[in-house]
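Index from 1, following the sequence. Below, all heavy atoms of this structure are taken into account, side chains as well, without hydrogens, waters or symmetry copies.
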Amino acid sequence: MRAAAGGRAVFHLRPRQPCRAPPPRPPTATTTTALLSHSVPASRAHHRRLPKGFLPTLEPGVSAVYLCRRANSTTCSVLMEDRLQGELDGAKGEVRKHETVGAFQKIPMVMPATDILMSAQRKSRNVPPTKGIANIAKRERNKGAKQLDALMKELSVPLRTYTENFPKRRDLHPYERSLIELTFGEGYYEQVLGRVDALRKRITSVGKQHASVCAKSTTKREAEERLTEGRKRLEEAFQHGKHAIDDLVNVAKALRSMPVVDLHIPTLCLVGSPNVGKSSLVRILSSGKPEVCSYPFTTRGILMGHIVSNHERFQVTDTPGLLTRHDDDRNNIERLTLAVLSYLPIAVLYVHDLSEDCGTSVADQYITYKHIKERFGGRLWIDVISKCDLLGKKAPLSLDDADEEVAQYRRFGPEGALRVSVQSEIGVKELKERVHQLLTSQMARIKADKAEHETQEAGISVP
């Protein structure tokens with residue numbers, strides 16, 4: 001407004017600038033829900049609203065903005081293809097998560113409980129009071145509270161690191177999940193981690209309590225007494241639960257010693273009844289050196305070796321022998337073999353001992369073989385009759401072959417079986433050639449499966 005010469009006021013009105021809305025912020029799960037419930041006109045609400053109960057199905061940490069790409073401050077348009085894409089991506093992520101093995105080699109090193117305590121005691125005693133505190137009582141209580149807090153953290157932080165960095169069993173490859181269950185028993189792995197985390201919580205609670213009490217001291221002597229008492233209580237709490245840490249040390253050692261299997265390298269898996277000669281064949285086929293003895297269940301775990309043939313690298317695994325009984329009655333050693341057959345992309349070399357030198361009758365071997373063949377017959381497969389130099393030299397355990405199939409099996413073994421003797425070196429050269437052909441075919445199958453998987457991923461990722 002300006003005053004004119006005649007005393008009249010002249011107003012110069014400027015045109016009003018349009019209001020600019022602030023730039024839209026990426027909606028969170030809360031704001032997206034609010035937009036869905038309030039921003040859409042009532043007449044079109046049924047076109048814009050997410051299906052009931054859909055948002056709660058989101059995994060923790062997944063932002064609803066992924067589902068509501070076109071949400072803004074006034075409207076929210078959630079397309080069904082967005083929901084489908086989210087579900088497909090979630091499924092694809094699940095596949096990726098279970099496609100690889102090797103999580104056991106990434107677990108953190110676990111310090112023994114004694115080492116953790118000694119390190120925490122040493123570091124906490126070196127914590128000085130805050131500079132500039134002239135009053136002796138205040139300085140002492142400040143030092144006491146800080147040292148108790150430091151002791152608490154030095155004891156609890158390693159435990160938090162362990163519980164956060166040990167893999168969750170649900171995130172592991174099915175083969176590795178089965179190894180945990182068969183090695184430690186159902187629920188033991190989670191129980192140990194739970195006890196370690198409970199110890200961490202207990203230490204944190206005791207430490208905070210005594211640090212707070214020490215910070216309220218009114219005299220130097222009182223602060224010193226409360227510091228001493230707090231240290232004692234923290235150390236007692238740690239000592240009371242240290243067995244959980246010792247158990248975790250043993251779990252970590254066992255997991256890191258598990259054989260590493262590369263899913264992208266062809267793997268030959270030797271299967272058969274106990275003591276039929278699997279380990280001897282592994283020794284002549286690969287770099288693996290399993291124990292070879294004349295008693296059953298020499299192999300008590302999964303043993304890995306490698307074959308290098310024509311500049312190509314393959315894997316060989318020796319598995320525990322299978323007894324003739326129902327799967328529900330098998331012990332954990334036998335179930336390791338079934339886990340390899342079930343979850344790893346392997347080719348099978350099934351070993352038969354028709355001389356019965358292994359201690360298992362031909363009839364029982366046939367029953368076990370027939371069961372495994374029917375269950376895993378889709379694998380690439382070689383049948384090998386081991387110890388062929390002993391055939392006819394030892395009296396059979398039983399000649400009561402009421403079943404014609406068993407009698408046929410006793411005389412000739414499975415159709416197309418290769419006869420081998422490690423001692424006499426019979427058929428060894430042919431066996432190596434057949435194994436190389438088998439693993440080359442397995443390599444082609446792995447590449448084809450990988451190409452198909454990548455094609456499916458590319459199809460899913462297309463908008």
Side-chain angles (χ1 to χ4, degrees), residues 56-62 90 93-94 97-98 100-121 123-124 148-212 230-258 260 301-302 331-333 335-336 339 343:
T57 64
L58 288 174
E59 294 183 3
V62 178
E94 187 73 13
K97 183 167 55 179
H98 289 169
T100 59
V101 295
F104 297 156
Q105 283 64 48
K106 300 176 184 178
I107 60 177
M109 295 293 295
V110 181
M111 291 177 60
T114 303
D115 294 349
I116 295 176
L117 179 58
M118 292 178 62
S119 174
Q121 289 172 333
K123 291 180 180 180
S124 64
L148 288 175
D149 184 70
L151 180 59
M152 173 196 70
K153 290 179 179 178
E154 291 294 334
L155 293 174
S156 63
V157 168
L159 306 187
R160 179 185 292 276
T161 300
Y162 301 150
T163 56
E164 290 180 350
N165 289 281
F166 268 72
K168 302 296 185 293
R169 196 172 69 160
R170 65 175 181 273
D171 297 333
L172 293 172
H173 187 279
Y175 169 67
E176 292 178 324
R177 290 204 302 269
S178 65
L179 287 183
I180 285 181
E181 178 181 346
L182 297 175
T183 302
F184 304 113
E186 179 65 32
Y188 179 79
Y189 177 77
E190 292 83 356
Q191 178 186 355
V192 171
L193 288 175
R195 287 165 52 205
V196 171
D197 194 51
L199 175 59
R200 177 192 64 80
K201 293 177 180 178
R202 174 63 179 164
I203 290 171
T204 301
S205 174
V206 172
K208 287 183 177 180
Q209 175 187 352
H210 285 275
S212 175
R231 282 202 188 107
K232 180 181 177 181
R233 297 304 179 193
L234 273 170
E235 292 168 6
E236 286 178 350
F238 186 83
Q239 292 284 2
H240 182 72
K242 71 174 185 178
H243 298 295
I245 303 174
D246 295 335
D247 291 341
L248 190 63
V249 170
N250 295 329
V251 168
K253 288 181 180 178
L255 293 182
R256 275 194 295 271
S257 66
M258 298 286 182
V260 181
I302 306 300
N331 57 36
N332 285 354
I333 298 177
R335 289 175 181 174
L336 286 173
Y343 301 126

- Item | Main-chain N/O of Asp115 paired with Ser119 side-chain donor or acceptor, under 3.5 Å | no
- Item | Pair Tyr188-Val251, side-chain contact (heavy atoms from CB on, under 4.5 Å): steps then yes or no | CA-CA 10 Å; Tyr188 179 79; Val251 168; 3.9 Å; yes
- Item | Side chains of Leu159 and Ile203 in contact at under 4.5 Å (non-hydrogen atoms) | yes
- Note on the structure: To the nearest 0.5 Å, atom OG of Ser212 lies from atom CG of Leu148 at 10.5 Å
- Would you indicate whether the side-chain heavy atoms of Arg233 and Phe238 approach each other to under 4.5 Å? no
- Message: Is a donor from one side chain sitting under 3.5 angstrom from an acceptor on the other, for Gln121 and Glu235?
- Response: yes
- Item | Distance, nearest 0.5 Å, that separates CZ of Arg231 from OG of Ser124 | 5.5 Å
- Message: Please verify the inter-ring angle class for Phe166 with Tyr189; under 30° counts as parallel, over 60° as perpendicular, anything in between as tilted.
- Response: tilted
- Query: Does the pair Glu186 and Arg169 meet the rule for a salt bridge (Lys or Arg N to Asp or Glu O under 4.0 Å), with working shown?
  - Reply: CA-CA 11 Å; Glu186 179 65 32; Arg169 196 172 69 160; 3.2 Å; yes
- Is there a side-chain contact between Phe104 and Leu179 (heavy atoms, below 4.5 Å)? yes
- Message: Applying side-chain contact (heavy atoms from CB on, under 4.5 Å) to Gln105 and Leu255, what does each step give before you reach the verdict?
- Response: CA-CA 8 Å; Gln105 283 64 48; Leu255 293 182; over 6 Å; no
- Query: Under 4.5 Å between any side-chain heavy atoms of Thr183 and Met258, yes or no?
  - Reply: yes
- Salt-bridged, Glu181 to Arg177, with N to O below 4.0 Å? no
- Under the side-chain contact (heavy atoms from CB on, under 4.5 Å) criterion, do Leu193 and Leu248 qualify, and how do the steps go? CA-CA 7 Å; Leu193 288 175; Leu248 190 63; 3.7 Å; yes
- Over 12 non-hydrogen atoms of neighbours within 6.0 angstrom of CZ in Arg202: no
- Does Met109 reach the side chain of Arg256, with side-chain heavy atoms less than 4.5 Å apart? yes
- Are the side chain of Glu176 and the backbone of Gly102 linked by a donor-acceptor contact shorter than 3.5 Å? yes
- Can you name the salt bridge (charged side-chain N to carboxylate O under 4.0 Å, His left out) partners of Arg200, sequence neighbours left out? Asp197
- Query: Atom OG1 of Thr114 and atom CG of Asp246: how far apart are they, to the nearest 0.5 Å?
  - Reply: 7.0 Å
- Message: Between Ser178 (side chain only) and Tyr175 (backbone N and O only), is there a donor and an acceptor less than 3.5 Å apart?
- Response: yes
- Close side-chain approach of Ile107 and Asn165, heavy atoms under 4.5 Å: no
- Report yes if the side chains of Lys168 and Glu190 come closer than 4.5 Å at any heavy-atom pair, otherwise no. no
- Judged by atom type as modelled, is there a donor-acceptor pair below 3.5 Å linking the side chain of Ser205 to the main-chain atoms of Lys201? no
- Leu234 and His210, any side-chain heavy atoms less than 4.5 Å apart: no
